[in-house]
Amino acid sequence: MTSVKLFKTIAFIGFGLINSSLARVVKTKGLAEKIHAYSRSEATRAKIKKLNIVDNIYDNSAEAVKGADLVILGIPVGATRDTVSTFASSLSPGTIITDVGSVKQSVIDKLSSVLPENINFVPAHPIAGTEKSGPEAGFETLFEGHWCVITPTKNTDKEAIKKVTKIWESAGMQVAEMDAQYHDLVLAITSHIPHLVAYSIVGTVAELEDHLKTEVIKYAAGGFRDFTRIAGSDPVMWRDIFIDNKEAVLEMLGRFIEDLTALQKSIRWEDKEALESLFNKTRLIRKGVVALKQD
Ligand code: NAP
């Protein structure tokens, strides 16, 4: 346990799975003197209170950020502009604001239009999560062993990047810097398309005739069961990710559909060689993922 205080007051704006997990780390490791939390609903604020990890809970985001030297946004990316507009004028000059959004370029664009110039924005994406939502779903070890990607712009302050990096390293993450648009393209194929496939397959089941649907759900075996877990992720969060990362998702979806059509042809023509060759290539990708401890 370290008692090195990285910040005086950290204000968490939005307090669901990601921000509550990070707040647990901040509390246990003593990374800030004070922890503020804002969430818009009474129900979530009541859950935060029960957790006993923050010093002050607010129903007003402008009050929550007052005096904070670090503000962390943990809300759906589509809510960024409206939420930050409500507290932007209450930020102290020099405050660092960072986010955890799964899409980066859209968040940068939105914040550049609402943040005062004397505020240091550090766009970040901790690539760790589960399909669960809400403050009670968080846990301290969520980030351990995973990557956090910071996507600075040409205006991002270097000292602010260092401080945000320290927070994520304290949570057990490795931190890398990447161009925001490149991040969005990479995440489109590693995360967004896999979720889209899960939503689509489980959506196909939802449209089946009632008797067939009942049997599928009853006998949900390995593969389908895993898809239902992914497709059980938060609907608003994922709605926003697909809309905010539209260009990159459509680009990767185009390639995916081409490859899927090729696979369809291989099955129709019973092209054993093509099928086996592809499945060997994919097995190598899996080995690479396991070797890098990302499984
Ligand atoms: P979550 O558990 O669903 O919590 C969402 C938080 O945002 C709650 O405090 C909620 O407030 C608030 N919120 C929802 N809609 C809002 C709106 N329209 N305006 C203002 N506040 C709103 O979400 P999460 O999983 O922590 O995700 C937060 C962010 O992290 C998202 O941007 C997501 O892309 C990113 N992320 C998620 C994961 C993951 O696996 N979940 C991984 C990496 C990054 P109330 O509960 O009070 O309504």
Side-chain angles (χ1 to χ4, degrees), residues 11-25 35-51 53-54 57-62 64-65 71-88 97-108 110-111 114 123-144 146-151 168 171 173 175 180 183-184 186-188 190-192 194-195 198-199 229-245 248-249 294:
F12 289 92
I13 300 298
F15 208 79
L17 172 77
I18 301 297
N19 263 0
S20 79
S21 295
L22 185 58
R24 284 166 166 91
V25 176
I35 304 176
H36 292 182
Y38 159 81
S39 200
R40 60 181 182 162
S41 76
E42 177 67 50
T44 299
R45 292 196 300 274
K47 287 178 189 167
I48 302 172
K49 195 162 184 218
K50 274 195 189 155
L51 295 177
I53 47 178
V54 310
I57 304 168
Y58 296 86
D59 61 3
N60 177 320
S61 60
V65 302
V71 173
I72 307 179
L73 293 176
I75 54 175
V77 287
T80 306
R81 187 183 285 115
D82 286 353
T83 304
V84 177
S85 302
T86 60
F87 66 73
I97 176 166
T98 186
D99 77 311
V100 299
S102 309
V103 184
K104 297 277 42 98
Q105 189 59 52
S106 69
V107 172
I108 291 172
K110 287 171 193 176
L111 285 201
V114 290
H125 178 201
I127 307 179
T130 74
E131 71 285 6
K132 304 210 174 81
S133 311
E136 71 285 16
F139 54 101
E140 204 181 319
T141 54
L142 173 66
F143 308 108
E144 277 177 15
H146 296 283
W147 284 95
C148 177
V149 178
I150 291 183
T151 61
W168 290 114
M173 302 197 97
V175 179
H183 162 279
D184 292 351
V186 171
L187 268 290
T190 57
S191 168
H192 308 167
H195 274 81
Y199 280 123
R229 184 182 58 73
I230 297 173
S233 301
D234 188 70
V236 171
M237 170 181 144
W238 281 95
R239 175 200 71 188
D240 285 3
I241 288 172
F242 290 121
I243 292 173
D244 272 41
N245 202 22
V249 167
Q294 296 298 307

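Numbering of ligands and ligand atoms starts at 1, following listing order. Numbers for residues simply follow the sequence, beginning at 1. Only this structure's heavy atoms are used, side chains among them; waters, hydrogens and symmetry mates stay out.
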Under-4.0 Å heavy-atom contact with ligand 1, by part of [X] that carries it:
X	answer
Ala128	backbone
Ile18	both
Lys132	neither
Pro126	backbone
Thr83	side chain
Asp240	neither

Could you tell me how the ring of Phe15 sits relative to the ring of Phe12: parallel (under 30°), tilted (30 to 60°) or perpendicular (over 60°)? perpendicular
Which heavy atom of the protein is the closest neighbour of [atom], given with residue, atom name and distance?
atom	answer
atom 31 (C) of ligand 1	Ile75 O, 3.3 Å
atom 40 (O) of ligand 1	Gly129 CA, 3.2 Å
atom 14 (C) of ligand 1	Pro76 CD, 3.3 Å
atom 10 (C) of ligand 1	Ser39 OG, 4.0 Å
atom 16 (C) of ligand 1	Arg40 CZ, 3.4 Å
atom 39 (C) of ligand 1	Met237 CE, 3.6 Å
atom 33 (C) of ligand 1	Ser102 OG, 3.5 Å
atom 4 (O) of ligand 1	Gly16 CA, 3.2 Å

In terms of atom number and element, which parts of ligand 1 are under 4.0 angstrom from non-hydrogen atoms of [X]?
X	result
Ala79	17 (C), 18 (N), 19 (N)
Gly134	1 (P), 2 (O)
Thr44	45 (P), 46 (O), 47 (O)
Ser133	2 (O), 3 (O)
Gly14	9 (O)
Gly74	5 (C), 6 (C), 7 (O), 28 (C)
Val100	29 (C), 30 (O), 35 (C), 36 (N), 44 (C)
His125	43 (C), 44 (C)

Can you spot which of Pro126, Ser21, Pro123 makes a side-chain contact (heavy atoms from CB on, under 4.5 Å) with Val100? Pro126
Please determine whether any non-hydrogen atom of Val236 lies less than 4.0 Å from an atom of ligand 1. no
Any Arg45 heavy atom less than 4.0 Å to ligand 1: no
Under 3.5 Å between some N or O of ligand 1 and some N or O of [X]?
X	answer
Phe15	yes
Gly101	no
Leu17	yes
Ser41	yes

Can you check whether [X] reaches [Y] side chain to side chain, under 4.5 Å on heavy atoms?
X	Y	value
Asp184	His192	no
Met237	Ser133	no
Val65	Tyr58	no
Ile127	His146	no
Thr83	Arg40	no

Considering all heavy atoms of both residues, which atom of Leu22 and which atom of Phe143 are nearest to each other, and what is their separation? N-CE1, 3.6 Å
Whether Ser20 side chain and Pro135 backbone form a donor-acceptor pair below 3.5 Å: yes
Can you find a side-chain donor-acceptor pair between Arg81 and Ser85 that sits under 3.5 Å? no
